[in-house]
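Comments concern the structure below.
For reference, positions follow the sequence shown, starting with 1.
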Amino acid sequence: KKRAAELSPQAAVNLINHENAVVIDLRDPESFRNGHIIDAIRVSAEDLTPERMEKYKEKALILVCPRGLQSSPLANKLKQQGFKQAMVLAGGIAAWQSAELPLVKGK
């Protein structure tokens, strides 16, 4: 099975800053509250339905999970639903933190 495109944390920052990529955080609510990428949208895997995600169809999507393992199959599922740019943050939020990139806390 083809793996989803993976982005390094730096490449993700570049996409967020220059192409208004949407960060989709797949982690549980508590993990999300404890720290997430600024402007990330928390979505559970069950919520990744074509109806819920339709408004993001033309945008670059960066899927984030704890270590980058759950995101890939979900990115592939979105691709099958016609999302052209569904990518994965390689190494997940752990890689983001290792790169010393900022997280925001709260909702």
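- Every pair tested for side-chain hydrogen bond (donor to acceptor under 3.5 Å, both in side chains) that includes a residue from residues 86-104 fails, sequence neighbours excluded, so the list is empty.
- Evaluation of the salt bridge (Lys or Arg N to Asp or Glu O under 4.0 Å) rule for D39 yields no partner, not counting sequence neighbours.
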L26/L48 under side-chain contact (heavy atoms from CB on, under 4.5 Å): CA gap, chis, key distance, verdict: CA-CA 10 Å; L26 301 165; L48 285 180; 4.0 Å; yes
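- Taking all atoms of both residues into account, the shortest heavy-atom contact from T49 to E46 is CG2-O, 3.5 Å.
- Between I37 and L103, the closest side-chain pair of non-hydrogen atoms falls below 4.5 Å.
- For R42, there are no salt bridge (Lys or Arg N to Asp or Glu O under 4.0 Å) partners, not counting sequence neighbours.
- Across every non-hydrogen atom of D25 and A40, the tightest pair is CB-CB, 4.3 Å.
- Taken to the nearest 0.5 Å, the CE atom of M87 stands 11.0 Å off from the CG atom of L78.
- Rounding to the nearest 0.5 Å gives a distance of 7.0 Å between CG of L15 and CD of Q85.
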Do any side-chain atoms of residues 52-70 form donor-acceptor pairs under 3.5 angstrom with protein atoms, and if so which ones, sequence neighbours left out?
unit_1: R52; atom_1: NH1; unit_2: D47; atom_2: OD1; d: 3.3
unit_1: R52; atom_1: NH1; unit_2: D47; atom_2: OD2; d: 3.3
unit_1: K57; atom_1: NZ; unit_2: Q81; atom_2: O; d: 2.9

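- Residue I38 is found in a hydrophobic cluster whose other members, listed by chain and number, are V104; membership requires side-chain heavy atoms under 4.5 Å apart, directly or through intermediates.
- Nearest heavy-atom pair across A75 and A4 is CB-CB, 3.5 Å.
- To the nearest 0.5 Å, atom OG of residue S72 and atom CG of residue L89 are 12.0 Å apart.
- Applying the salt bridge (Lys or Arg N to Asp or Glu O under 4.0 Å) rule to pairs touching residues 6-15 yields R3-E6, sequence neighbours excluded.
- Distance check: L101 CG to Q10 CD gives 6.0 Å after rounding to the nearest 0.5 Å.
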